[in-house]
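Predicted model only: the values in this text are computed from it and were never measured.
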Amino acid sequence: MLQIAVIRENPEKVIAALNRKHMDAKGIVEEILQLDEKRRSSQASLDNVLAESNKLSKDIGMLMKNGEKAKAEILKQKTTNLREESKVLSEQLDAYATQLTEKLYLLPNLPADIVPDGKTPEENLNVFQEGDIPVLHEGALPHWELVKKYDIIDFELGVKITGAGFPVYKGKGARLQRALISYFLDKNTEAGYQEYQVPHLVNEASGYGTGQLPDKEGQMYHVGLDDLYLIPTAEVPVTNLFRDELLNEADLPILCTGYTPCFRREAGSYGAHVRGLNRLHQFDKVEIVRIEHPDNSYAALDGMVDHVKNIMRELKLPYRILRLCGGDMSFASALTYDFEVFSTAQDRWLEISSVSNFETFQANRLKLRFKGKDGKTQLAHTLNGSSLALPRVMAGIIENYQTPEGIVIPEVLRPYTGFDIIN
């Protein structure tokens, strides 16, 4: 959530910045400023009434002490009237504050200055590419055919049990999936991230805290009876560990990692590009989250990008990094780098990680603050990244490592799988 002070101080700059995310924010910004003025006016009136009431209470005490009971009774009536007035003003203030918050929830984060202009994924900026794209043997297959050939992932069984987008991993497929999770977690903990196991359902406050609500409500699975949401990413519960926390500057940075299944409705996703593991309703992902001092958050973002780079190098998969343009960025992000693996059998790039800095956007919703060395309290910066999302990493390994003899396991994963080929 944007800070109201930022909007109040420079509304035109906010409107121009949100236009880079292709949102016409002029109308809603004007509504926010009007509500803010009403809220502040109500607060000032309430403060004046309460101050006058407090003064009269002291005067009544003095009059009673001096035996001037009649005068005291007159003042008591005034205090009764002031109490009624303060009640009305307090209710008015709460109403304006609620309306203001609801409007603020509708505004996305401002893009950082280095975010490229653009509306579509085709306008994202390719900032780095590494790894040789393998030349596959004649008759090479896409992963959805390979997993059927070697009986390691069964999409039809998932349809039988649940529906499309809920695959069943079998045998060496299940072991490769588990190996990737363990490898990712080990790489993250070796880099200083503390591992967490978190709930897979969250309450509404958690969804609002990280910006999934109200923006992504249609994409989240909602358990109506309990008013809980299945998590779309571990970012939600892990970041919410620090909701309503006042940290000390010495506590920063805080580095967290966690593995969870993720659940996304992916409404409106159709076509050949969603075949197999390309897009699922349930998938596994290992996440990294950082709570940072504002002065250090962009250096931390660069460090997270380098960390994911190192994992891709060890897996020996061809990948590239994109700096997302304004129109392709998430609601809450100030700057995002997407990692994509090249799927040789599909001849296309597949997104496998997003690494983002949210600056104070999530922290303002979460009321996640820290006390600086000077004693002043300020909002922290939050960051997160996929490290990594498994389905498309699996697709990349299965397709790029296929040979006529079988699917070779990347060398770095063999201590985890206990085998070096799927055949």
* Do the side chains of Tyr401 and Ile409 get nearer than 4.5 Å, heavy atoms only? -> no
* Asked: Between Tyr319 and Phe339, how do the two ring planes meet: parallel, tilted or perpendicular, split at 30° and 60°?
  -> parallel
* side chain to side chain contact (heavy atoms under 4.5 Å, CB included) involving Lys21 - partner list, sequence neighbours excluded -> Pro108, Asn109, Pro111, Met329
* Tyr183 vs Tyr416 aromatic rings, parallel, tilted or perpendicular, using cut-offs 30° and 60°? -> perpendicular
* Qualifying residue, where the test is side-chain contact (heavy atoms from CB on, under 4.5 Å) with Pro391 and the options are Ile352, Leu277, Leu350 -> Leu277
* Using distance alone, with no hydrogens and no angle criterion, decide if Asp295 and His381 have a side-chain donor and acceptor under 3.5 Å apart. => no
* To do: Answer with yes or no after comparing the ring centroid distance for Tyr208 and Tyr105 against a 6.0 Å cut-off, counting only values under it.
  => yes
* More than 12 foreign heavy atoms under 6.0 Å from CD of Gln197: is that the case here? -> no
* To do: Can you run down the salt bridge (Lys or Arg N to Asp or Glu O under 4.0 Å) pairs that involve residues 120-135, sequence neighbours left out, and say none if there aren't any?
  => Glu130-Arg313
* Looking only at atom types and distance, does a side-chain atom of His281 sit under 3.5 Å from a main-chain N or O of Phe166, one as donor and one as acceptor? -> no
* OG on Ser354 to CG on Leu324, rounded to 0.5 Å -> 6.0 Å
* With distance as the sole test, does Asn248 use its side chain to make a donor-acceptor pair with the main-chain N or O of Asp251 at under 3.5 Å? -> no
* If only atom types and distance count, is the side chain of His200 paired as donor or acceptor with the main-chain N or O of Cys262 below 3.5 Å? -> no
* Asked: Under 3.5 Å, side chain of Asn124 to main-chain N/O of Cys325, donor-acceptor pair present?
  -> yes
* **Pairwise side-chain contact, Ile288 with His307, heavy-atom cut-off 4.5 Å (strictly under)** => yes
* To do: Measure from NZ or CZ of Lys309 to the centre of the six-membered ring of Phe128, then state whether that distance is under 6.0 Å and the direction lies within 45° of the axis.
  => yes
* Out of curiosity, Asp36 CG to Tyr96 OH, how far, rounded to the nearest 0.5 Å? -> 12.5 Å
* **Flag for Gln3-Thr360: side-chain donor and acceptor within less than 3.5 Å** => yes
* Asked: Are the side chains of Gln194 and Thr189 in touch, meaning some heavy atoms are under 4.5 Å apart?
  -> no
* Asked: Is a donor on one side and an acceptor on the other found under 3.5 Å between the side chain of Glu249 and the backbone of Lys373?
  -> yes
* Asked: Quick one: do the Asn126 and Gln129 side chains pair a donor with an acceptor below 3.5 Å?
  -> yes
* Structure fact -> Rounded to the nearest 0.5 Å, the CG atom of Leu366 sits from the CG atom of Asn364 at a distance of 9.0 Å
* For the atom pair CG (Leu383) and CD (Gln362), what is the distance rounded to the nearest 0.5 Å? -> 9.0 Å
* Asked: For the side chain of Ser356 and the backbone of Thr336, is there at least one donor-acceptor N/O pair under 3.5 Å apart?
  -> no
* To do: Say whether, by atom type as modelled, one donor and one acceptor occur between the side chain of Asn240 and the main chain of Arg243 under 3.5 angstrom.
  => no
* Glu399 and His143 side chains, donor-acceptor separation under 3.5 Å -> yes
Side-chain polar contacts of residues 26-35 - donor-acceptor pairs under 3.5 angstrom, sequence neighbours left out - could you list them?
from: Lys26; atom 1: NZ; to: Glu30; atom 2: OE2; distance (Å): 2.7
from: Glu31; atom 1: OE1; to: Lys103; atom 2: NZ; distance (Å): 3.0

* Which heavy-atom pair separates Arg290 from Tyr193 by the least distance, and what is that distance? -> NH1-OH, 3.2 Å
* Nearest-0.5 Å distance, CG of residue Leu180 to OG1 of residue Thr417 -> 9.5 Å
* To do: Could you pull out the closest heavy-atom pair between Pro134 and Thr344, with the gap in Å?
  => O-CG2, 3.3 Å
* **Ionic contact status for Glu314 with Lys187, cut-off 4.0 Å** => yes
Listing, residues 252-260 side-chain donor-acceptor contacts under 3.5 Å, not counting sequence neighbours, or none:
from: Thr257; atom 1: OG1; to: Asn188; atom 2: ND2; distance (Å): 3.0
from: Thr257; atom 1: OG1; to: Glu287; atom 2: O; distance (Å): 2.8
from: Tyr259; atom 1: OH; to: Asp284; atom 2: OD1; distance (Å): 3.0

* To do: Could you list the residues that satisfy ring-ring contact (aromatic ring centres under 6.0 Å, His included) with Phe358, not counting sequence neighbours?
  => none
* **Distance, nearest 0.5 Å, that separates OG of Ser353 from CZ of Arg392** => 11.5 Å
Name the atoms and distances for all side-chain donor-acceptor pairs under 3.5 Å in residues 148-159, with sequence neighbours left out.
from: Asp151; atom 1: OD1; to: Lys170; atom 2: NZ; distance (Å): 2.7
from: Asp151; atom 1: OD2; to: Lys170; atom 2: NZ; distance (Å): 3.4
from: Asp154; atom 1: OD1; to: Glu156; atom 2: N; distance (Å): 3.0
from: Asp154; atom 1: OD1; to: Leu157; atom 2: N; distance (Å): 2.8

* Output yes when Arg40 and Glu37 qualify as a salt bridge under the 4.0 Å nitrogen-oxygen rule, no when they do not. => yes
* Would you confirm whether Arg323, through its side chain, and Tyr337, through its main-chain N or O, come within 3.5 Å as a donor-acceptor pair? => no
* Just checking, is any N or O donor in the side chain of Asn48 or Glu52 under 3.5 Å from an acceptor N or O on the other one? -> no
* pair Tyr169-Arg175: side-chain heavy atoms closer than 4.5 Å -> no
* Asked: Are the side chain of Ser42 and the backbone N or O of Lys38 linked by a donor-acceptor pair below 3.5 Å?
  -> yes
* To do: Ignoring hydrogens and angles, tell me if any N or O in the side chain of Asp374 forms a donor-acceptor pair with the backbone of Lys376 under 3.5 Å.
  => yes
* Can you check whether Phe361 reaches Phe331 side chain to side chain, under 4.5 Å on heavy atoms? -> yes
